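All of these numbers come straight from a predicted model, not from anything done at the bench.
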Amino acid sequence: MRSLIINLLIVASGVCWSLVYVDSIRTGFKQKTYCMPLFALGLNIAWEGIYAYTDLFVRATVSAQAIANTVWFLLDIFIVITYFKYGREEAQGELGKKSFIPWPVLVLACCIVLQLLFIAEFGDVAGEKYSAYLQNIAMSVAYLYMLNRRKSSRGQTMTIAVSKCIGTLTPTIYGTIEGNRFILVTGVICFVFDVIYIFCLHGVKKKEQSTAESNACA
């Protein structure tokens, strides 16, 4: 029974995170913007790329997680494309536009180094878990920052927000079942920031809808 519950939670997490990526790609091309903050994108694609390679070529296993990591990595490539295709418009100032290419390349390089350091210090099994939760906290904060910086819901949907929240909450539950206190605490922190983001995004969207209705009636 316990293994069944854990497997169901893993599947739920996989589906939710896939929704995050697919809707980020769909919304990004539709609204001509990027939907994932740069540091979140860098940490994500580095984590998924490294652990997809580790699963398939180092551990030589074709598990559900290995397949998920590979699919997510491929989806992340399309999100990276939306960033480079549309992100320059949001670069602030002359310096921001001139450093548009070097800056994300530097960020991605740093994210790869950080992920490799986790493996070097903790091993690939523990490093995979612990880095995932720490970067999820960073991602949740980054989404809040993006919402505040844009002052609008552009490139942000409730599907992305809610799916990210559930996609992290479900492995937090089975990590807690297995008695991992690190996953419990970091998962709760991430959940708090995700709920704040959902609440704030809902408020922004509601305000935008009210403004649009008022303009339509004018």
Side-chain angles (χ1 to χ4, degrees), residues 8-45 47-48 68-69 71-87 89-90 132-176 183-184 186-217:
L8 288 174
L9 290 170
I10 292 173
V11 170
S13 177
V15 170
C16 287
W17 273 108
S18 296
L19 283 174
V20 171
Y21 299 142
V22 170
D23 204 49
S24 293
I25 296 168
R26 181 193 66 82
T27 304
F29 282 109
K30 181 180 179 180
Q31 298 185 7
K32 299 185 185 306
T33 187
Y34 61 92
C35 301
M36 188 175 289
L38 177 58
F39 273 92
L41 178 55
L43 289 168
N44 252 12
I45 196 168
W47 189 92
E48 283 147 7
N69 288 344
V71 171
W72 292 339
F73 174 73
L74 295 174
L75 291 173
D76 271 335
I77 292 175
F78 287 95
I79 302 176
V80 169
I81 290 172
T82 62
Y83 181 86
F84 281 102
K85 186 176 178 66
Y86 304 117
E89 295 180 9
E90 294 189 31
Y133 277 88
L134 289 176
Q135 76 181 47
N136 258 293
I137 294 174
M139 288 175 63
S140 299
V141 174
Y143 273 101
L144 277 166
Y145 174 78
M146 185 169 73
L147 179 63
N148 181 64
R149 179 173 58 81
R150 286 181 171 174
K151 307 296 182 184
S152 74
S153 64
R154 184 169 181 256
Q156 300 161 91
T157 69
M158 292 303 292
T159 298
I160 295 172
V162 173
S163 296
K164 181 195 177 306
C165 180
I166 298 174
T168 306
L169 178 62
T170 44
T172 299
I173 294 172
Y174 71 71
T176 303
I183 289 179
L184 170 61
T186 53
V188 168
I189 292 172
C190 190
F191 178 73
V192 169
F193 280 113
D194 283 343
V195 169
I196 293 172
Y197 175 65
I198 291 170
F199 177 80
C200 292
L201 179 59
H202 174 73
V204 169
K205 283 186 170 293
K206 189 174 181 180
K207 185 177 180 180
E208 289 173 344
Q209 184 179 1
S210 178
T211 301
E213 289 173 354
S214 297
N215 292 337
C217 294

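No more than 12 heavy atoms of other residues, nucleotides or ligands sit less than 6.0 Å from atom OH of Tyr145. Atom CZ of Phe29 sits in a crowded spot, with more than 12 heavy atoms from other residues, nucleotides or ligands closer than 6.0 Å. No more than 12 heavy atoms of other residues, nucleotides or ligands sit less than 6.0 Å from atom CZ of Phe191.
Annotation: salt bridge (charged side-chain N to carboxylate O under 4.0 Å, His left out) contacts of Asp76 (sequence neighbours excluded): none. Here Tyr83 pairs with Tyr34, Phe100 under the ring-ring contact (aromatic ring centres under 6.0 Å, His included) rule; sequence neighbours left out. Partners of Arg26 according to the side-chain hydrogen bond (donor to acceptor under 3.5 Å, both in side chains) rule, which considers only residues two or more places apart in sequence or in another chain, are Asp23.
Across all non-hydrogen atoms, the minimal contact from Leu41 to Met36 is CA-SD, 3.6 Å. Closest approach of Tyr86 and Gly28 over heavy atoms only: CE1-O, 3.6 Å. Residues Asp194 and Cys165 approach most closely at OD2-CA, 3.5 Å, considering heavy atoms. The heavy-atom pair separating Cys200 from Leu147 by the smallest distance is CB-CD2, 3.6 Å.
Looking only at distances, a side-chain donor or acceptor of Ser13 sits under 3.5 Å from a matching main-chain atom of Gly167. Distance alone, capped at 3.5 Å, places no donor-acceptor pair between the Glu89 side chain and the Lys85 backbone. Checked by atom type and distance alone, the side chain of Ser24 pairs as donor or acceptor with a backbone atom of Val20 at under 3.5 Å.
With Trp17 as the fixed residue, the side chain to side chain contact (heavy atoms under 4.5 Å, CB included) test singles out one of Ile166, Leu75, Thr168: Thr168. Ser153 pairs in a side-chain hydrogen bond (donor to acceptor under 3.5 Å, both in side chains) with only one of the listed residues (His202, Gln209, Gln31, Glu208), which is Glu208.
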Trace of the side-chain contact (heavy atoms from CB on, under 4.5 Å) decision for Thr170 with Ile10: CA-CA 7 Å; Thr170 44; Ile10 292 173; over 6 Å; no
In sequence, state the C-alpha distance, the side-chain angles, and the governing distance for Phe193 and Met139, and then conclude on side-chain contact (heavy atoms from CB on, under 4.5 Å). CA-CA 9 Å; Phe193 280 113; Met139 288 175 63; over 6 Å; no
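Between Trp72 and Tyr21, the angle of the ring planes goes over 60°, which puts this pair in the perpendicular group of the 30/60° scheme.
Of the N and O atoms on the side chains of Lys32 and Thr82, not one donor lies less than 3.5 Å from an acceptor on the other residue.
A salt bridge links Glu90 to Arg150: at least one charged side-chain nitrogen sits closer than 4.0 Å to a carboxylate oxygen.
Within the model, atoms SG of Cys190 and CG of Asn136 stand 4.5 Å from one another, a figure rounded to the nearest 0.5 Å.
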